[in-house]
Amino acid sequence: MIPDVDVFISNYTIVDPEVYQLWVDGCTAEAAVDVVHKNAFKSEHTLDLVKSDVSDHYRTYSLLEKLLHNPPKLAEQLHFQIEPLTRQLLIEKYYEFDDCVIRELLGKKLSSRYRKDLDEISEKTGVSLKSCRRQFDNVKRIYKTVDDLQGSVIQNIRNLFLLPEDIAKRYGVVMLLACLRLETGKKKLQYLTFKDLYVCSMAIMSTWTYPVGTSDHDDIDLDREFLLDLRDIRTLNEKEKELKHLVCTKLRPEFLDKAFQELETNFKNYSRSIITIGSNLHRNRELRLFFVELVEKCIDPWKQVSWTVSDLTNFLDAYCHCALQLDCLRETDTKNAWERYMSVLSTCLVQMYHH
């Protein structure tokens, strides 16, 4: 009798972080060989050995790419035996993106036709075309996957793509800007970086959306009741003189004489711009132009008179708190709406106030 024998062969997939990063960055295998060979020169690895090793890694990563499109499948499949930490490295590096590339994609339609025209973005940003396409495809894939799902967009991204919170938040910001159709492509806004838009968007997401747990809404749906309540802040225009007195009294010790005189002269324009932007946010067109309005009605005028970031911060703080002392904001809904509005507005204006 010939005994039955069970044979099990284990072959863990080895991932070289350096070579994988080069593959993710869109380097050709030939270029990757040059980089690795230079770095390995002191170890006296022959060029042929490096070339063989890099080629083997590149073949493996190409086979893994389809699984990376659906990260949970990478954990479930049996063809490649990958340790959990290595698997997480593969996913995170694949879904990381360059701020400069995503900044160029914001506001664009994620169509197949546009994907063919990524050469300009590649040339402008200095990022390889292959990497630009990977980043484009990742944004499009995540958007299509989570767009119609209920619940937290960020949490859905984390769960469905096994991404850490910081990367999920970055994709969440892209989702917010796309779903609210916030204008980011105007010439006046080209100076804004992805980091600027990230800070502003996270403030909007955490403060202007529906409270966590609200049924039928996620964390990129703006609280419509809040936006409607903001219409009532127009009553501040009727208390303009009183508000000006309170703000100027508070800021007199903190402003230089020239800046203070300029504030007294133009207070009406600054105040009305802030109030007008907020009281019109319930209209979709004005909401879409939120960043444009901030630049045109607030930031440009302050830059023309050479306000410092400190001047701006002090003014916004004083303006917000002095308004709360007026009777017209005593009603709870209006008071809460004003505080929610000014919290985000101040964050956005300070972040955007640079050249």
Side-chain angles (χ1 to χ4, degrees), residues 13-27 32 57-58 60-77 79-80 82-112 114-115 118 121-122 125-149 151-179 193-195 197-199 201-202 205 218-220:
T13 301
I14 297 174
V15 173
D16 183 315
E18 180 189 13
V19 178
Y20 183 62
Q21 186 65 62
L22 291 168
W23 179 79
V24 165
D25 290 341
C27 286
H57 280 292
Y58 264 54
T60 300
Y61 303 150
S62 296
L63 292 171
L64 285 169
E65 188 162 17
K66 282 190 177 181
L67 294 169
L68 286 167
H69 293 171
N70 190 348
K73 284 190 175 180
L74 186 62
E76 298 166 1
Q77 57 80 39
H79 297 290
F80 299 92
I82 306 172
E83 294 180 343
L85 287 177
T86 302
R87 185 167 61 239
Q88 197 57 40
L89 169 74
L90 289 169
I91 295 168
E92 288 183 25
K93 290 294 183 184
Y94 191 79
Y95 281 93
E96 282 180 351
F97 59 68
D98 295 292
D99 288 0
C100 56
V101 172
I102 300 303
R103 177 65 182 92
E104 294 297 320
L105 292 179
L106 292 177
K108 306 293 194 304
K109 285 188 176 182
L110 303 178
S111 62
S112 299
Y114 186 73
R115 188 183 188 277
L118 292 174
I121 291 181
S122 174
T125 60
V127 177
S128 72
L129 179 58
K130 187 174 180 182
S131 181
C132 287
R133 286 175 175 164
R134 172 184 60 81
Q135 295 177 56
F136 175 92
D137 291 341
N138 286 346
V139 169
K140 184 176 181 179
R141 184 181 309 113
I142 288 177
Y143 183 88
K144 288 180 68 175
T145 302
V146 305
D147 185 33
D148 294 327
L149 299 179
S152 166
V153 167
I154 292 174
Q155 196 57 49
N156 285 336
I157 293 172
R158 292 192 67 183
N159 294 339
L160 293 171
F161 291 88
L162 307 183
L163 294 173
E165 187 172 10
D166 59 330
I167 297 179
K169 282 182 176 180
R170 286 159 65 78
Y171 280 103
V173 161
V174 176
M175 290 281 295
L176 175 84
L177 294 170
C179 291
T193 64
F194 179 78
K195 180 184 177 183
L197 296 172
Y198 175 87
V199 170
S201 298
M202 287 304 298
M205 197 181 299
D218 55 43
D219 48 7
I220 60 173

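Keep in mind that this is a model prediction, so the values were computed, not measured.
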Engineer: Within a 6.0 Å radius of atom CG on Leu129, are there more than 12 heavy atoms belonging to other residues, nucleotides or ligands?
Structural biologist: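 It does: Leu129 CG has more than 12 such atoms within range.
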Engineer: Rounded to the nearest 0.5 Å, how far apart are CD1 of Ile91 and CG of Leu64?
Structural biologist: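 Atom-to-atom, Ile91:CD1 and Leu64:CG are 10.5 Å apart.
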Engineer: Phe136: which residues meet the ring pair (Phe, Tyr, Trp, His ring centres under 6.0 Å) condition with it, sequence neighbours left out?
Structural biologist: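 Result, ring pair (Phe, Tyr, Trp, His ring centres under 6.0 Å) vs Phe136: none returned.
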Engineer: Looking at every heavy atom in both Leu89 and Pro17, which two are closest together, and how far apart are they?
Structural biologist: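 Nearest pair, atom of Leu89 first, then Pro17: CD2-CG, 4.3 Å.
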Engineer: Please list, chain by chain and in numerical order, all residues satisfying side chain to side chain contact (heavy atoms under 4.5 Å, CB included) with Thr86, sequence neighbours excluded.
Structural biologist: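 Residues passing side chain to side chain contact (heavy atoms under 4.5 Å, CB included) with Thr86: Val15, Ile82, Glu83.
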Engineer: Looking only at heavy atoms, what is the nearest atom pair of Asp219 and Val153, with distance?
Structural biologist: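 Scanning both residues, the minimum pair turns out to be OD1-N, 2.7 Å.
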Engineer: If you look at every heavy atom in Phe194 and Leu106, which pair is closest and at what distance?
Structural biologist: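 Looks like CD1-CD1, 4.2 Å.
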Engineer: Quick check for you: to the nearest 0.5 Å, what is the distance between His69 atom NE2 and Phe161 atom CZ?
Structural biologist: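 Output value for this atom pair is 10.0 Å.
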Engineer: Rounded to the nearest 0.5 Å, how far does NZ of Lys73 lie from CG of Leu67?
Structural biologist: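 If I round to the nearest 0.5 Å, the distance is 8.0 Å.
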Engineer: Donor-acceptor pair, Gln77 side chain versus Leu74 backbone, under 3.5 Å?
Structural biologist: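 Such a contact is found between Gln77 side chain and Leu74 backbone.
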Engineer: Given 3.5 Å as the limit, does a donor-acceptor pair link the side chain of Tyr95 with the main chain of Leu68, or not?
Structural biologist: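 Present.
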Engineer: Do Val174 and Tyr143 have side-chain heavy atoms sitting under 4.5 Å apart?
Structural biologist: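 No, too far: nothing below the 4.5 Å cut-off.
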Engineer: Looking at every non-hydrogen atom in both residues, tell me the closest pair between Leu160 and Pro71 and how far apart they are.
Structural biologist: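 Heavy atoms only, the tightest pair is O-CD, 4.2 Å.
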Engineer: OH of Tyr94 to CG of Asn138: how many Å apart, nearest 0.5 Å?
Structural biologist: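 Rounded to the nearest 0.5 Å, the OH-CG separation comes to 5.5 Å.
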Engineer: If the condition is side chain to side chain donor-acceptor pair (under 3.5 Å), which residues does Ser131 pass it with, not counting sequence neighbours?
Structural biologist: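 Checked Ser131 against side chain to side chain donor-acceptor pair (under 3.5 Å); matches are Arg134, Gln135.
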Engineer: Any heavy-atom pair between the side chains of Gln21 and Val24 that's under 4.5 Å?
Structural biologist: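 Yes, their side chains come closer than 4.5 Å.
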Engineer: Under the side chain to side chain contact (heavy atoms under 4.5 Å, CB included) test, which residues partner Pro164, sequence neighbours left out?
Structural biologist: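 Checked Pro164 against side chain to side chain contact (heavy atoms under 4.5 Å, CB included); matches are Gln88, Glu92, Asp166, Ile167.
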Engineer: Between Asp16 (side chain only) and Val19 (backbone N and O only), is there a donor and an acceptor less than 3.5 Å apart?
Structural biologist: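 A pair under 3.5 Å: yes.
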Engineer: Asp99: which residues meet the side chain to side chain donor-acceptor pair (under 3.5 Å) condition with it, sequence neighbours left out?
Structural biologist: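 Scan of Asp99 (side chain to side chain donor-acceptor pair (under 3.5 Å), adjacent residues dropped) gives Arg170.
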Engineer: Locate the shortest heavy-atom distance separating Thr193 from Arg103; write the atom from each residue and the value.
Structural biologist: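 Residues Thr193 and Arg103, closest heavy atoms: C-CD, 4.0 Å.
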Engineer: Is there a side-chain contact between Tyr114 and Ile121 (heavy atoms, below 4.5 Å)?
Structural biologist: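 Yes, close enough: below the 4.5 Å cut-off.
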Engineer: With Lys130, which residues qualify under side chain to side chain contact (heavy atoms under 4.5 Å, CB included), at least two apart?
Structural biologist: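 Residues passing side chain to side chain contact (heavy atoms under 4.5 Å, CB included) with Lys130: Trp23, Ser128.
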Engineer: Tyr171: which residues meet the side chain to side chain donor-acceptor pair (under 3.5 Å) condition with it, sequence neighbours left out?
Structural biologist: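 By the side chain to side chain donor-acceptor pair (under 3.5 Å) rule, Tyr171 matches no residue at all.
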Engineer: The test is side-chain contact (heavy atoms from CB on, under 4.5 Å); show your working for His79 and Leu63 and say whether it passes.
Structural biologist: CA-CA 10 Å; His79 297 290; Leu63 292 171; over 6 Å; no
Engineer: Not counting sequence neighbours, which residues clear side chain to side chain donor-acceptor pair (under 3.5 Å) with Glu165? List them please.
Structural biologist: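 Partners of Glu165 by the side chain to side chain donor-acceptor pair (under 3.5 Å) criterion come out as none, since no residue qualifies.
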Engineer: Once rounded to the nearest 0.5 Å, what's the spacing between atom CZ of Arg141 and atom CG of Leu110?
Structural biologist: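 Between Arg141 CZ and Leu110 CG, I get 12.0 Å after rounding to 0.5 Å.
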Engineer: I'd like to check the salt bridge (Lys or Arg N to Asp or Glu O under 4.0 Å) partners of Asp137; sequence neighbours left out, ordered by chain and number.
Structural biologist: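 Asp137 satisfies salt bridge (Lys or Arg N to Asp or Glu O under 4.0 Å) with Arg115 only.
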Engineer: Cys179 and Ile220: which non-hydrogen atoms are nearest, and at how many Å?
Structural biologist: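 Heavy-atom minimum between the residues: SG-CD1, 3.6 Å.
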Engineer: Is there a donor-acceptor pair closer than 3.5 Å between any side-chain N or O of Ser122 and the backbone N or O of Leu118?
Structural biologist: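 Answer holds: no.
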Engineer: Supply the atom-to-atom distance His57 NE2 to Thr13 OG1, rounded to the nearest 0.5 angstrom.
Structural biologist: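 Taking NE2 in His57 and OG1 in Thr13, the distance rounds to 10.5 Å.
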Engineer: Could you tell me which residues satisfy side chain to side chain contact (heavy atoms under 4.5 Å, CB included) with Asn159, sequence neighbours excluded, listed by chain and number?
Structural biologist: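 Once residues adjacent in sequence are excluded, the partners of Asn159 under the side chain to side chain contact (heavy atoms under 4.5 Å, CB included) criterion are Gln155.
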Engineer: Any heavy-atom pair between the side chains of Ile157 and Thr145 that's under 4.5 Å?
Structural biologist: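 A side-chain contact is absent here, since even the closest heavy-atom pair is not under 4.5 Å.
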